[in-house]
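First the structure, in the form of structure tokens, and then the observations on it.
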Amino acid sequence: MTATETHASQWHTRDFPEAARDLLQDSQTRKNVQHATNVIQGKRNKVVAELPDWEELRESGAQVKAHVLRHLDHYLTQFEENCTRAGGHVHWAADAAEANRIILGLVQQHEAKEVIKIKTMTSEEIGLNRELEAHGIRPIETDLAELIIQMGKDRPSHFVAPALHVNRAQVRAMFQREMHLPELGEEPEDLATAARIYLREKYLRIKVAISGGNFLIADTGGLCIVESEGNGRMCLTLPDVLISLVGIEKVIPSFEDLEIFLQTLPRSATGERMNPYNSTWCGVHPGDGPKEFHVVLLDNGRSPILADREARQTLQCIRCAACLNACPVYHQTGGHAYESVYAGPIGAILTPQLHSMEEGRSLPYASSLCGACYQVCPVKINIPEVLIHLRGKVVQEDQATLMGKFSLWNIGMQAAAFLFKDASRLAMAERIGRVGQKALVSKNGFIEWMPLMLSGWTQTRDLKAMPEQSFRDWWAKEKAPGAKPADRSDHA
Amino acid sequence: MRVSLFITCYNDALFPQTGKAVVNVLERLGHEIEFRPEQTCCGQMHWNTGYLREAVPIIRHFVKVYQDAETVVIPSSSCVSMMRDHYVKAAEMDGDAKLVADVEALLPRVYEFSEFLVRKLGVEDVGATYPHKVTYHASCHSMRSLHLGDIPIRLLKQVRGLDLQPVQNAQECCGFGGTFSIKNADVSSAMLADKVRMVLNTGAEVCTAVDNSCLMHLYGSLHRQRTFVRTAHIAEILAATAEGAEA
Amino acid sequence: MPEISDHRARILASIRVSLNKGMSPAQAEANIAAECANLDRKYVRTGTRATAGHDGLLELLTDRLLEYDAGVYRAAPEGIAAAVGEILAGRGKRGLAIPAGVPAEWLPQGYEFTLAEGFDAYQLDATEGVLTGCSVAIAETGSIVLQNAAAQGARILSLVPDYHLCVVFAGQIVEEVPEAFARLKATSTLPTTFISGPSATADIEMTRIKGVHGPRFLDVLLVV
């Protein structure tokens with residue numbers, strides 16, 4: 001599979017620092033993002049603190065997911081067998097093109113001109129809406145946030161609250177225009193009511209629905225979908241045909257494992273003890289829900305990640321987005337700076353891996369490694385550790401090219417490594433530095449400008465010049481055996 | 001106790017006064033300090049930037065220098081977190097079983113400075129006097145890797161004359177992140193601006209931390225903005241006495 | 001017609017190569033099951049409130065439901081119909097749709113209860129609401145769990161009508177989520193819905209708004 005055809009819908013055009021620079025200028029978006037993440041974080045912290053066994057739940061969640069990944073072939077085939085027995089149809093899609101082909105085929109087979117959709121990141125990942133539209137089929141997003149994104153021809157910036165970068169005034173203007181409601185008020189209630197009326201007729205009429213899935217349940221062949229608005233239940237229950245597109249890593253061993261994830265996911269994702277609706281079902285149930293049910297199991301770059309034992313934990317993710325809400329980098333830039341369906345810390349490790357490290361190579365560096373993401377992750381993905389691991393891959397691959405080998409970064413790092421192997425070299429370098437810095441030091445004793453890659457520092461920060469005497473020189477002069485302390489006054 | 005001081009590369013060159021303060025405090029508490037001049041760096045800059053192979057010889061050098069030390073004290077939580085979080089993995093990556101064993105033997109004797117005072121020595125009052133309004137910046141590594149909790153706060157609360165002001169959003173990173181501050185200078189600057197605003201809101205004269213790396217970052221902006229807020233490593237505050245001049 | 005395409009083979013082969021497994025799936029299933037059984041599960045399995053009498057549980061469930069802005073009422077087993085009548089009067093309703101299996105003794109005189117078996121969405125949309133029982137209720141999270149069973153019906157019933165009145169017996173209430181799963185295990189393949197308050201969204205500026213697509217009004221009658 002080639003990168004272009006497999007990941008046709010991916011967005012990467014710019015590196016993170018460049019995309020971030022533009023977003024940092026957008027003060028309205030930044031305000032919206034900071035408000036939203038602060039609210040969710042606050043609620044999350046409160047309901048997590050209520051559970052005395054939070055750490056045990058995290059540990060169990062991590063172990064169950066890691067176990068599944070070690071035996072993913074087994075659990076997928078078990079799921080397939082049980083889902084099929086329950087009347088479902090299981091399809092396998094190695095890449096985005098195949099997933100699109102399968103879904104388009106099913107929709108066309110039922111001669112549907114419109115489909116209703118529940119928010120699904122996998123559909124975003126494969127560019128399904130564009131594919132459907134290209135074939136004259138109109139996808140209608142039913143999640144309020146996704147509807148806002150779709151109407152605004154925007155991109156999701158967060159995978160639990162995709163429109164958190166948009167405020168009520170912006171939503172109102174969009175709904176007034178697209179729903180032809182010039183009188184529409186600005187209160188969130190008005191906007192939600194408008195969406196309810198707009199969509200209700202569609203739920204009742206449209207016969208094919210497309211969803212993602214939070215969990216595939218191996219021992220029952222069932223699916224679980226977690227949602228808030230009821231749009232999910234509408235799509236899962238009312239149409240004749242339901243197609244669920246789910247990543248292969250979403251399988252869990254048994255129905256009862258939900259007792260872990262239905263505690264950790266809602267609290268992490270929206271700061272609720274339980275989100276309003278969770279649905280589980282197996283295949284087709286006569287007289288209840290769709291008459292035809294299809295699951296499309298999507299690989300699209302996931303299975304090769306299993307080979308990397310360090311980074312495999314990335315696939316434990318249950319898409320709660322707690323790491324986005326906790327991330328100080330995400331707070332500043334919002335999700336669009338990642339130029340990826342999957343934003344934030346988890347996106348920074350997932351995206352480049354889904355693309356065999358060919359795209360999103362600046363993303364592992366889009367973190368100060370502060371560790372807030374790992375601290376909140378309900379399945380204990382050590383994101384900082386994986387970020388460093390992926391940086392290691394980027395560096396090694398770069399060093400294999402001529403340009404990378406002779407880059408300023410590589411030369412600088414090699415030089416530093418050379419110095420750090422030997423204290424006398426380091427002491428010498430310090431002495432040279434003290435002399436060399438004189439060209440940069442201002443009268444006030446500070447460095448206010450630095451060249452090349454170091455210029456980023458001095459755009460907003462000064463740097464105190466190196467003092468005349470290093471600690472090691474002081475020690476040698478004052479404290480070392482045989483030293484002749486001349487003056488004790490500089491001893492702090 | 002015989003304490004071996006690992007000053008760290010950036011403290012050696014940029015913040016010698018922090019090293020002097022550590023020596024001062026520990027000597028005052030009756031400990032014998034040694035400084036091994038062969039020391040260089042913990043390897044964090046290379047490791048965290050992805051120069052994993054290049055970090056291994058630096059790590060090996062550290063282990064060789066301190067192998068036989070009774071106790072190693074380091075005035076930088078981020079260097080200690082580098083050791084605790086990554087040294088074993090680095091040694092394993094290199095396939096060097098002896099290095100893995102040596103790291104595992106050495107690490108239990110390695111302490112961050114404030115952790116050493118409170119957890120190892122059981123001291124909270126080091127006899128310091130520092131009559132200033134101070135705010136404490138909890139560095140990410142001190143909180144989330146070393147889990148220092150309120151250790152630095154407990155030390156500061158025992159300092160005579162010190163007026164400790166809490167800072168808002170204490171959990172949030174200052175945006176330094178080593179080479180992150182250069183590779184993603186714009187985002188780093190935006191994070192720094194938020195943090196500096198919080199620090200200024202406290203009305204403190206001095207911002208302290210257990211890491212000079214964050215303080216260097218914060219002071220870079222505090223100085224650029226011509227505020228009169230200074231930064232001082234916690235060791236410098238703990239070294240200050242009523243008689244002596246403060247660091 | 002499960003589609004056994006070459007994509008299936010490709011994906012499974014890729015997984016097995018990545019995991020360094022043999023190409024045959026003959027991996028001893030017993031080993032996997034044993035490994036799974038040995039995973040850490042040290043989280044709380046059973047609550048502590050029930051041992052202190054049922055009141056603690058009822059209060060917790062009530063608090064949680066009230067937080068979701070659900071209405072909460074109580075009745076004795078012999079007073080269900082009367083309580084239902086009062087609730088409906090308070091809501092200004094003349095009658096409700098019901099699934100098969102709702103006992104006659106839940107239904108007060110003077111109201112119209114329509115058996116909604118096989119109703120489509122349009123028919124349900126025209127009703128004033130729905131009355132159901134439940135399989136289990138979880139106090140800690142304020143959730144009621146409905147399955148496709150007697151007195152609960154198909155999922156559409158508790159979805160399309162704008163009003164849902166749910167009868168919960170004290171014996172159906174558990175404290176913790178794992179206790180609920182222990183009870184649901186035997187019927188785990190039935191269509192199952194966990195309902196925690198009326199439908200809601202916080203998609204606009206994180207402001208919680210009730211009632212987007214599911215029922216906007218939820219009342220719970222606790223039978224003690």
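Since the model is a prediction, treat every value here as computed from it, not as a measurement. The analysis underlying the following values was restricted to heavy atoms, covering all of them including side chains, and did not include hydrogens, waters or symmetry mates. Proteins come first, then strands; the chains are lettered A, B, ... in the order of their sequence lines, and each starts at number 1.
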So which residue, B:Ser221, B:Gly177, B:Ser189, ends up with the most heavy-atom pairs under 4.5 Å with chain A?
B:Ser189

Most contacts with chain A, counted as non-hydrogen pairs under 4.5 angstrom, among B:Val65, B:Leu14, B:Ile33
B:Leu14

Check: [Y] main-chain N/O paired with [X] side-chain donor or acceptor under 3.5 Å:
X	Y	value
B:Asp12	A:Arg472	yes
B:Arg144	A:Cys370	yes
A:Tyr365	B:Thr49	yes

Determine the interplanar angle of the A:Trp457 and B:Phe176 rings, folded into 0 to 90°, and report it as parallel if under 30°, tilted if 30 to 60°, perpendicular if over 60°.
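Geometry flag for B:Phe176 against A:Trp457: perpendicular rings.
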
Using the ring of each side chain (for Trp, its six-membered ring), is B:His46 parallel, tilted or perpendicular to A:Phe420, with breaks at 30° and 60°?
perpendicular

Give the minimum heavy-atom separation between [X] and [Y], together with the two atoms involved.
X	Y	result
B:Asn48	A:Ile388	OD1-CD1, 3.2 Å
A:Ala366	B:Asn184	CA-ND2, 4.0 Å
B:Ala185	A:Arg461	O-NH2, 3.8 Å
B:Phe180	A:Ser368	CD2-CB, 3.7 Å

Can you tell me which portion of [X] sits under 4.5 Å from chain A's heavy atoms? Options are side chain, backbone, both or neither.
X	value
B:Ser145	neither
B:Glu34	backbone
B:His217	both
B:Leu5	side chain
B:Met45	both
B:Arg53	side chain

Looking at [options], which has the largest count of heavy-atom pairs under 4.5 Å with chain B?
options	value
A:Glu18, A:Gln414, A:Lys393	A:Gln414
A:Met453, A:Lys464, A:Glu448	A:Glu448
A:Gly433, A:Ala20, A:Gly456, A:Ala372	A:Ala372
A:Asn38, A:Asn410, A:Leu454, A:Leu390	A:Asn410
A:Ser367, A:Pro384, A:Ala476, A:Ser424	A:Ser367
A:Gly392, A:Ala480, A:Pro364	A:Gly392

Quick one: what part of [X] sits under 4.5 Å from any heavy atom of chain B, side chain, backbone, both or neither?
X	value
A:Gln34	side chain
A:Ala416	both
A:Val329	both
A:Arg30	side chain
A:Gln459	both
A:Leu369	both

Decide whether B:Thr179 and A:Arg391 meet the rule of one side-chain donor and one side-chain acceptor closer than 3.5 Å.
no

Taking atom types as modelled and ignoring hydrogens, do the side chains of A:Gln399 and B:Glu54 form a donor-acceptor contact shorter than 3.5 angstrom?
yes

Supply the atom-to-atom distance A:His389 NE2 to B:Met93 CE, rounded to the nearest 0.5 angstrom.
10.5 Å

Atom pair NE2/CG of A:His331 and B:Asp194 - distance to nearest 0.5 Å:
10.0 Å

Begin from the C-alpha positions of B:Arg224 and A:Thr458 and carry the test side chain to side chain contact (heavy atoms under 4.5 Å, CB included) through to its verdict.
CA-CA 9 Å; B:Arg224 171 67 58 91; A:Thr458 43; 4.2 Å; yes

Should we count [atom1] of [X] as having more than 12 external heavy atoms under 6.0 Å?
X	atom1	result
A:Met357	CE	yes
A:Arg425	CZ	yes
A:Glu397	CD	yes

Let's go through A:Leu419 and B:Thr40 carefully: what are the C-alpha distance in whole Å and the side-chain angles of both, what is the deciding distance for side chain to side chain contact (heavy atoms under 4.5 Å, CB included) to 0.1 Å, and is it a yes or a no?
CA-CA 8 Å; A:Leu419 299 178; B:Thr40 57; over 6 Å; no

With a 4.5 Å limit on heavy-atom distance, are the side chains of [X] and [Y] in contact?
X	Y	answer
B:Lys20	A:Trp474	yes
A:Asp462	B:Arg226	yes
B:Val23	A:Phe471	yes
B:Val187	A:Thr333	yes

Just do the salt bridge (Lys or Arg N to Asp or Glu O under 4.0 Å) check on B:Lys89 and A:Glu385 with the steps written out, would you?
CA-CA 10 Å; B:Lys89 179 173 299 167; A:Glu385 187 177 274; 2.6 Å; yes

Where do B:Glu27 and A:Lys479 land on the side chain to side chain contact (heavy atoms under 4.5 Å, CB included) test, with the steps shown first?
CA-CA 12 Å; B:Glu27 284 187 344; A:Lys479 304 284 288 184; 2.7 Å; yes

